[in-house]
Engineer: 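One structure is given below, represented as structure tokens, and several questions about it will come after.
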Amino acid sequence: MGVSEPPGMNAPAHHHQHQHPHPHPHHHLQTMGQLHQAMANMAHPHSLSAHGGMACVSDVESDPRELEAFAERFKQRRIKLGVTQADVGSALANLKIPGVGSLSQSTICRFESLTLSHNNMIALKPVLQAWLEEAEAAHREKSSKPDPFSGGERKRKRTSIAAPEKRSLEAYFAIQPRPSSEKIAAIAEKLDLKKNVVRVWFCNQRQKQKRMKYSAVH
DNA sequence: ATGCATGAGTG
DNA sequence: ACTCATGCATA
């Protein structure tokens with residue numbers, strides 16, 4: 001696993017982070033810069049109050065501030081170990097935690113930048129924390145272990161919605177975030193896009209609104 | 001880092 | 001048909 005992470009610099013604008021699953025014609029510096037928002041949430045807890053029985057199935061009690069702090073620490077320590085987001089994702093499978101397999105670079109990235117839903121963050125935290133501990137322990141032992149991994153193949157194409165169309169969609173979304181199937185069809189025709197593309201766009205837009213960073217009062 | 005997409009689960 | 005967690009492909 002000793003994939004290296006080039007000491008990246010941050011460019012405030014846009015940068016790429018490439019964790020090459022396989023050799024590529026061009027290289028990028030891996031960098032990451034995330035603005036930190038200072039959020040002052042109050043979400044306050046603990047009222048140990050007594051509520052009758054205890055039949056609850058989920059009492060996720062983790063404040064946003066705690067998560068934010070963890071994500072930040074996680075990222076720094078991960079980089080310190082010289083491990084990429086993609087490496088973390090695949091290494092998770094080696095932890096053999098029941099019901100936990102590997103994750104993609106995307107998901108690790110989103111965890112670090114808090115662009116996942118609150119529940120998703122809560123669910124992933126213990127797993128990533130476990131990985132981090134293992135990784136740091138192994139690092140101390142420094143028992144070098146090579147890991148020959150090979151790449152994959154290229155497949156799918158990604159449709160891209162042009163800026164003008166995107167602006168229209170945003171306008172529609174503003175007035176109606178959940179258009180009916182027929183409304184979607186109408187929009188699709190006006191913008192000359194496939195109906196399914198429009199439908200998925202709305203779904204993703206809604207999901208975006210629910211991400212930690214933008215959803216919680218900030 | 002992020003846009004568009006899939007699939008499981010729910011109603 | 002939607003939500004939610006997640007990922008491939010790409011900027």
Side-chain angles (χ1 to χ4, degrees), chain A residues 5-6 8-37 57-58 60 67 71-72 74-75 78-79 84-93 97 99-128 151-170 173 176-185 187-188 191 193-215:
Chain A
E5 178 142 348
M9 314 286 86
N10 277 337
H14 203 77
H15 33 269
H16 324 278
Q17 168 171 345
H18 232 87
Q19 334 251 91
H20 45 266
H22 44 260
H24 239 336
H26 51 292
H27 55 269
H28 314 284
L29 287 187
Q30 169 173 336
T31 65
M32 41 206 118
Q34 260 299 292
L35 302 186
H36 296 130
Q37 37 147 64
V57 271
S58 60
V60 196
L67 280 171
E72 175 71 31
F74 179 85
K75 181 162 133 189
R78 184 206 105 219
I79 291 172
T84 65
Q85 295 169 336
D87 291 333
V88 174
S90 44
L92 292 179
I97 297 175
V100 179
S102 61
L103 288 174
S104 65
Q105 172 265 325
S106 303
T107 300
I108 303 304
C109 173
R110 284 168 176 153
F111 179 87
E112 293 182 348
S113 61
L114 303 169
T115 45
L116 289 175
S117 69
H118 182 84
N119 279 354
N120 203 356
M121 291 291 293
I122 301 275
L124 261 34
K125 182 185 171 189
V127 179
L128 294 180
E153 304 304 311
R154 224 165 253 330
K155 291 273 170 147
R156 181 188 300 164
K157 253 344 184 186
R158 192 171 97 187
T159 50
S160 175
I161 300 173
E165 285 68 36
K166 209 170 290 189
R167 274 184 265 107
S168 297
L169 288 171
E170 281 160 2
F173 188 84
Q176 178 53 268
R178 355 175 58 96
S180 66
S181 186
E182 299 169 351
K183 189 65 181 176
I184 289 177
I187 294 173
L191 302 182
L193 292 171
K194 289 181 191 171
K195 182 181 175 183
N196 200 51
V197 168
V198 175
R199 187 183 61 72
V200 169
W201 185 87
F202 274 90
C203 285
N204 283 323
Q205 209 59 26
R206 278 177 234 126
Q207 197 164 20
K208 215 167 171 181
Q209 286 194 318
K210 297 180 178 176
R211 286 173 178 173
M212 265 204 91
K213 272 217 158 169
Y214 311 103
S215 64

Engineer: Without decimals, in angstroms, what is the distance between A/K208 NZ and B/dG3 C1'?
Structural biologist: 7 Å
Engineer: Picking from C/dC2, C/dG7, C/dA5, which would you name as closest to the side chain of A/S117?
Structural biologist: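 Output: C/dA5.
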Engineer: Using the test side-chain hydrogen bond (donor to acceptor under 3.5 Å, both in side chains), find all partners of A/N196 that sit at least two apart in sequence or belong to another chain.
Structural biologist: A/R199
Engineer: Rounded to whole angstroms, how far apart are CG on A/N119 and C1' on C/dT6?
Structural biologist: 15 Å
Engineer: At under 4.0 Å between heavy atoms, what does A/L124 touch on the DNA or RNA strands: base, sugar-phosphate, or nothing?
Structural biologist: sugar-phosphate
Engineer: Do A/K195 and A/S181 meet the criterion of a side-chain donor-acceptor pair at a distance under 3.5 Å?
Structural biologist: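 A/S181 and A/K195 do have a side-chain donor-acceptor pair below 3.5 Å.
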Engineer: In B/S/- notation, 5' to 3', how is nucleotides 4-11 of chain B contacted by protein heavy atoms closer than 4.0 Å?
Structural biologist: BBS-----
Engineer: Pick the nucleotide of DNA chain C nearest each of A/N120 and A/C203; which residue has the one closer to the 5' end?
Structural biologist: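 Whichever sits nearer the 5' end wins; that is A/C203.
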Engineer: Report yes if a side-chain nitrogen or oxygen of A/S104 is closer than 4.0 Å to either non-bridging phosphate oxygen (OP1 or OP2) of C/dG7; otherwise report no.
Structural biologist: yes
Engineer: Mind checking whether A/W201 and A/F173 have parallel, tilted or perpendicular rings, split at 30° and 60°?
Structural biologist: perpendicular
Engineer: Taking all heavy atoms of A/L114 and all of A/L67, pick out the closest pair and write down the distance.
Structural biologist: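 Taking A/L114 first and A/L67 second, the nearest heavy atoms are CD2-O, 4.2 Å.
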Engineer: With a 4.0 Å cut-off on heavy atoms, is A/S180 in touch with a base, just the backbone sugar-phosphate, or nothing at all?
Structural biologist: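 No contact.
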Engineer: Between C/dG7, B/dT2, C/dC2, which nucleotide has the shortest distance from any of its atoms to the side chain of A/Q105?
Structural biologist: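 The listed nucleotide nearest to A/Q105's side chain is B/dT2.
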Engineer: What is the distance, to the nearest angstrom, from the CD1 atom on A/I122 to the P atom on C/dA5?
Structural biologist: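 About 11 Å, once rounded to whole Å.
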Engineer: Determine whether a donor-acceptor pair (N or O, by modelled atom type, separation under 3.5 Å) exists between the side chain of A/N120 and the backbone of A/S117.
Structural biologist: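 Looks like no, no N/O pair under 3.5 Å.
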Engineer: Round to the nearest Å and state the distance from A/L92 atom CG to C/dT6 atom P.
Structural biologist: 11 Å
Engineer: Please report the distance, rounded to the nearest Å, between CG in A/L114 and P in B/dA1.
Structural biologist: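 Atom CG in A/L114 sits about 11 Å away from atom P in B/dA1.
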Engineer: What is the separation between atom CD on A/Q205 and atom C1' on C/dC4, rounded to the nearest whole Å?
Structural biologist: 16 Å
Engineer: Using heavy-atom distances to pick each residue's nearest nucleotide on DNA chain C, tell me which of A/T107 and A/K195 is more 5'.
Structural biologist: A/K195
Engineer: Can you measure A/Q85 atom CD to C/dG7 atom P for me and round it to whole angstrom units?
Structural biologist: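 My rounded result for the distance is 13 Å.
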Engineer: Could you state the CD-P distance from A/E165 to B/dG3, rounded to the nearest angstrom?
Structural biologist: 16 Å
Engineer: What's the verdict on side-chain contact (heavy atoms from CB on, under 4.5 Å) for A/R211 and A/H118, showing C-alpha distance, side-chain angles and the deciding distance?
Structural biologist: CA-CA 7 Å; A/R211 286 173 178 173; A/H118 182 84; over 6 Å; no
Engineer: Determine the minimum heavy-atom distance between A/F111 and A/A71, stating which atoms define it.
Structural biologist: O-CB, 3.8 Å
